Amino acid sequence: MASTSHLLVLCEVTRQFIRRGKPFSAVDHANLIVDGGEFIAVVGRSGNGKSTLINMVAGLIRPTSGSVTVDDRNVAALSDNELSRLRNRTLGFVTQGHTLLGNLTVLDNVILPATMFPDPLPFACDDEGEISEEGQSLSDDEASAADSSLPDTIVPFADDSGAKSADAQNIQAGQRSALISRAQDLLNQLGIADLADSYPRELSGGEMRRVSIARALMNQPKLLIADEPTGDLDQESTDIVMRLLRAQADNGMAILMVTHDPDALAWADTVYRMDAGVLSKV
Ligand SMILES: Nc1ncnc2c1ncn2[C@@H]1O[C@H](COP(=O)(O)OP(=O)(O)OP(=O)(O)O)[C@@H](O)[C@H]1O
């Protein structure tokens, strides 16, 4: 049965830290509701609590009080495994810092999130929600074989014995090709298709940023969290990125974007301001 509730609900969310021996609220009783298809921007001066807010949505920081609910799940109540699955399958996160894996190519960095869990991905399903032949879901063995923190390459997965039937090889080749074509499509839309075989060390800051955006979109998340996604982009690249994010929102993805960039702001539906931890609609 389809859920009728909201995708993201922040209810009286507060996060305190200690500074010089005294607690202060980096986020102070924040309330926010976000539904699929909504593009929300959060602005505010440095140090006013924006990253703390979105880190709580991603389950990276726990609220001191209040609750964060994503897709009907109270984020603070999830086990580590449930939280990993939520981050991988429901959320996409473009962080402020650069977090690409240096020993993987651009293409494999983008594909990596799709190899972490065995359940099917939205882009590999047909209109009835069935898994298409190309995008057969990965078995648990296959997923755990892929669950390595620093792989050197993303390859089709072997079973425990290492032996593969012709059918298994076909399915694995099909999976790999579905993932490659999705990743290439995203890189293409971001104007960096020609960098697919490059390594992160060979990229500019703005190119790395766009690869991170492709990686965050790879699993077609319900909610994309983006911390300064255009921070190191020129005007032309900013337009490319924002056009893609706008199209994702128009197709039903919710976007929660922190930005200082007026060019990026113009693409959002609703703007909120964080001021000394207090979140209010602009
Ligand atoms: N782990 C921590 N321990 C103590 N104080 C912290 C911690 N993390 C953040 N803070 C403080 O909380 C406040 C809010 O920080 P936050 O990073 O959320 O701000 P921001 O609005 O995202 O800033 P910026 O725009 O510079 O990224 C700041 O005063 C910061 O120093």
Side-chain angles (χ1 to χ4, degrees), residues 39-48 50-51 53-55 57-58 60 87-88 91-114 123 150-151 153-154 179-221 223-251 253-269 271 274:
F39 193 158
I40 308 285
V42 180
V43 298
R45 291 183 29 226
S46 181
N48 274 244
K50 305 179 299 296
S51 297
L53 183 85
I54 59 174
N55 284 338
V57 174
L60 299 171
R87 288 205 200 102
N88 184 263
L91 303 177
F93 197 175
V94 183
T95 55
Q96 230 181 80
H98 293 293
T99 56
L100 300 177
L101 298 184
N103 56 338
L104 293 185
T105 64
V106 161
L107 187 73
D108 280 343
N109 264 284
V110 176
I111 287 173
L112 189 60
F123 61 85
L150 282 175
T153 182
I154 307 291
L179 301 188
I180 289 175
S181 87
R182 163 107 185 133
Q184 282 174 332
D185 183 44
L186 286 166
L187 292 173
N188 192 32
Q189 290 187 63
L190 287 159
I192 46 171
D194 55 330
L195 298 178
D197 296 328
S198 301
Y199 285 86
R201 64 178 173 276
E202 299 162 343
L203 308 184
S204 71
E207 288 166 345
M208 278 195 263
R209 178 77 52 215
R210 282 180 281 167
V211 177
S212 302
I213 292 167
R215 184 182 57 180
L217 291 172
M218 178 72 194
N219 287 358
Q220 221 166 298
L223 172 62
L224 180 77
I225 305 165
D227 200 351
E228 298 286 358
T230 61
D232 31 27
L233 300 185
D234 59 26
Q235 173 79 52
E236 191 186 341
S237 303
T238 294
D239 282 352
I240 290 171
V241 166
M242 295 316 297
R243 200 170 298 122
L244 177 59
L245 295 191
R246 182 69 253 175
Q248 302 294 323
D250 292 342
N251 279 327
M253 188 180 293
I255 300 180
L256 183 60
M257 171 180 76
V258 167
T259 189
H260 287 106
D261 179 355
D263 290 329
L265 211 52
W267 295 81
D269 299 313
V271 179
M274 282 293 277

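On a predicted model such as this, the values are computed, not experimentally measured, just so you know.
Within the 4.5 Å cutoff, the side chain of Phe93 has heavy atoms near those of the Asn55 side chain. Side-chain contact between Val258 and Leu53 is absent, with no heavy-atom pair separated by less than 4.5 Å. Leu224 places none of its side-chain heavy atoms less than 4.5 Å from the side chain of Gln248. Contact check for His260 versus Arg45: no side-chain heavy atoms found under the 4.5 Å cut-off. With contacts defined as side-chain heavy-atom distances shorter than 4.5 Å, the pair Val42/Ile54 does not qualify. A heavy-atom distance below 4.5 Å is not found between the side chains of Val241 and Arg209. Between Val211 and Leu195, the closest side-chain pair of non-hydrogen atoms is not below 4.5 Å.
A donor-acceptor pair under 3.5 Å links the side-chain atoms of Lys50 to the main chain of Gly44, judged by distance alone. Counting only distance, with no hydrogens or angles, the side chain of Asp227 and the backbone of Ser51 share no donor-acceptor pair below 3.5 Å. Between the side chain of Asn109 and the backbone N or O of Leu104 there is at least one donor-acceptor pair closer than 3.5 Å. Judged by distance alone, the side chain of Asp269 and the main-chain N or O of Phe39 form a donor-acceptor pair under 3.5 Å.
Thr230 and Asp261 are linked by a side-chain donor-acceptor pair at a separation below 3.5 angstrom, with hydrogens and angles left out of the test. In the model, Arg215 has a side-chain atom that pairs as donor or acceptor with a side-chain atom of Thr99 under 3.5 Å. Under the 3.5 Å distance criterion, with hydrogens and angles disregarded, a donor-acceptor pair is assigned to the side chains of Gln189 and Asp185.
Evaluation of the salt bridge (Lys or Arg N to Asp or Glu O under 4.0 Å) rule for Asp239 yields no partner, not counting sequence neighbours. Listed by chain and residue number, nothing satisfies the salt bridge (Lys or Arg N to Asp or Glu O under 4.0 Å) test with Arg210 (two or more places apart in sequence, or in another chain). Legend: residues meeting side-chain contact (heavy atoms from CB on, under 4.5 Å) with Leu187, ordered by chain and number and at least two apart, are Val106, Leu107, Val110, Ile192, Ala196, Ala214.
For Arg201 against Gly102, the heavy-atom pair with the smallest separation is NH1-O, 3.9 Å. The two residues Val57 and Leu256 have their closest heavy-atom pair at CG2-CD2, 4.1 Å. The two residues His98 and Asp232 come nearest to each other via the heavy atoms NE2-OD2, 3.5 Å. Residues Arg246 and Ala268 come closest through the heavy atom pair NH1-C, 4.3 Å. Of all non-hydrogen atoms in Leu100 and Pro200, the two that sit nearest each other are CB-CG, 3.9 Å. Residues Gly92 and Pro221 come closest through the heavy atom pair N-CB, 3.4 Å.
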Using the rule given for side chain to side chain contact (heavy atoms under 4.5 Å, CB included), can you reason through Asp263 versus Gln235, listing the C-alpha separation, both sets of side-chain angles and the distance that settles it, and then say yes or no?
CA-CA 8 Å; Asp263 290 329; Gln235 173 79 52; 3.1 Å; yes
For Thr95 and Ser212, what are the C-alpha separation, side-chain angles and deciding distance, and is it a side chain to side chain contact (heavy atoms under 4.5 Å, CB included)?
CA-CA 8 Å; Thr95 55; Ser212 302; 6.0 Å; no
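Here CD1 of Ile213 is found 6.0 Å from CG of Leu233. Values are rounded to the nearest 0.5 Å. With values rounded to the nearest 0.5 angstrom, Glu202 atom CD is found 10.0 Å from Asp197 atom CG. Thr105 contributes atom OG1, which lies 7.5 Å from atom CD1 of Ile111 (distance to the nearest 0.5 angstrom). Residue Leu91 holds its CG atom at 11.0 Å from CG of Asn219, rounded to the nearest 0.5 Å.
Across Val94, Leu223, Leu245, Ile40, a single residue satisfies side-chain contact (heavy atoms from CB on, under 4.5 Å) together with Ile255, and that is Leu245.
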